[in-house]
Amino acid sequence: MTGAVRAVRGAVQVDLDAPDAIAEGTVALVQAMLAENGLARDEVISVLFTVTPDLVSAYPATAARNGPLDGVPVMCATEIAVPGGLPRVVRAMAHVVVPDPARQVRHVYLGGAAALRPDLVAASPR
């Protein structure tokens, strides 16, 4: 791979703590992060997923690995429990290669997770 390494961030709030909801939210988030940045899977170096402590039924990394990020190193972690924090959130930080070092990345916050970064909501798909 040639180009510049960048980090693309994103988050999605899922409706409930259920394997299907976590998988669907994760896949939608990853697909939006790739699409918004015009990235192909082979331009993704690795992805770190975190979940809020109330999501315990499934690993987002499994959904990503079995879907759009097949063959990409992925990892999950649980976030610290912050009082008043937004519940049921899957976050991602993808390390990617962009061909143009001057190119800016677009971070993606879907659904209720848009409240986490109101400064980026206009740049995020709904």
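A distance of 9.5 Å separates CG in Asp119 from NE2 in His107, rounded to the nearest 0.5 Å. With values rounded to the nearest 0.5 angstrom, Met75 atom CE is found 10.0 Å from Met93 atom CE. How far CG of Leu116 is from CG of Leu110: 11.0 Å, rounded to the nearest 0.5 Å. Separating the CZ atom in Arg88 from the OG1 atom in Thr52 is a distance of 8.0 Å, to the nearest 0.5 Å.
Residues Met33 and Ala94 approach most closely at CE-CB, 4.0 Å, considering heavy atoms. The nearest pair of heavy atoms linking Val47 to Val44 is CG2-CG1, 3.7 Å. Glu43 and Gly38 get closest at one heavy-atom pair: OE1-O, 3.9 Å. For Tyr109 against Ala114, the heavy-atom pair with the smallest separation is CB-CA, 3.9 Å. Pairing each heavy atom of Ala58 with each of Pro19, the nearest pair is CB-CA, 3.8 Å. Shortest non-hydrogen contact noted between Ala11 and Leu29 is N-CD1, 3.5 Å.
In the hydrophobic clustering of this structure, Leu34 groups with Phe49; members are Ile, Leu, Val, Met, Phe, Trp, Tyr whose side-chain heavy atoms approach within less than 4.5 Å, directly or through other members. In terms of hydrophobic clustering, with Ile, Leu, Val, Met, Phe, Trp and Tyr side chains grouped at heavy-atom distances under 4.5 Å, Val8 and Val27 are assigned to different clusters. There is no path of hydrophobic side-chain contacts, each under 4.5 Å, that joins Val97 to Leu48. A chain of hydrophobic side-chain contacts below 4.5 Å, direct or via other Ile, Leu, Val, Met, Phe, Trp or Tyr residues, connects Val74 to Val90. Tyr59 and Val14 fall into different hydrophobic clusters, where Ile, Leu, Val, Met, Phe, Trp and Tyr residues are linked whenever their side-chain heavy atoms come under 4.5 Å apart, directly or through other members.
At a threshold of 4.5 Å between non-hydrogen side-chain atoms, the residues Thr26 and Val12 do not count as touching. When side chains are defined from C-beta on, Cys76 does not count as touching Val51, because their heavy atoms never get closer than 4.5 Å.
Shown here is Asp15, whose CG atom has no more than 12 heavy atoms of other residues, nucleotides or ligands within 6.0 Å.
Checked against salt bridge (Lys or Arg N to Asp or Glu O under 4.0 Å), Glu79 has the following partners two or more places apart in sequence or in another chain: Arg91.
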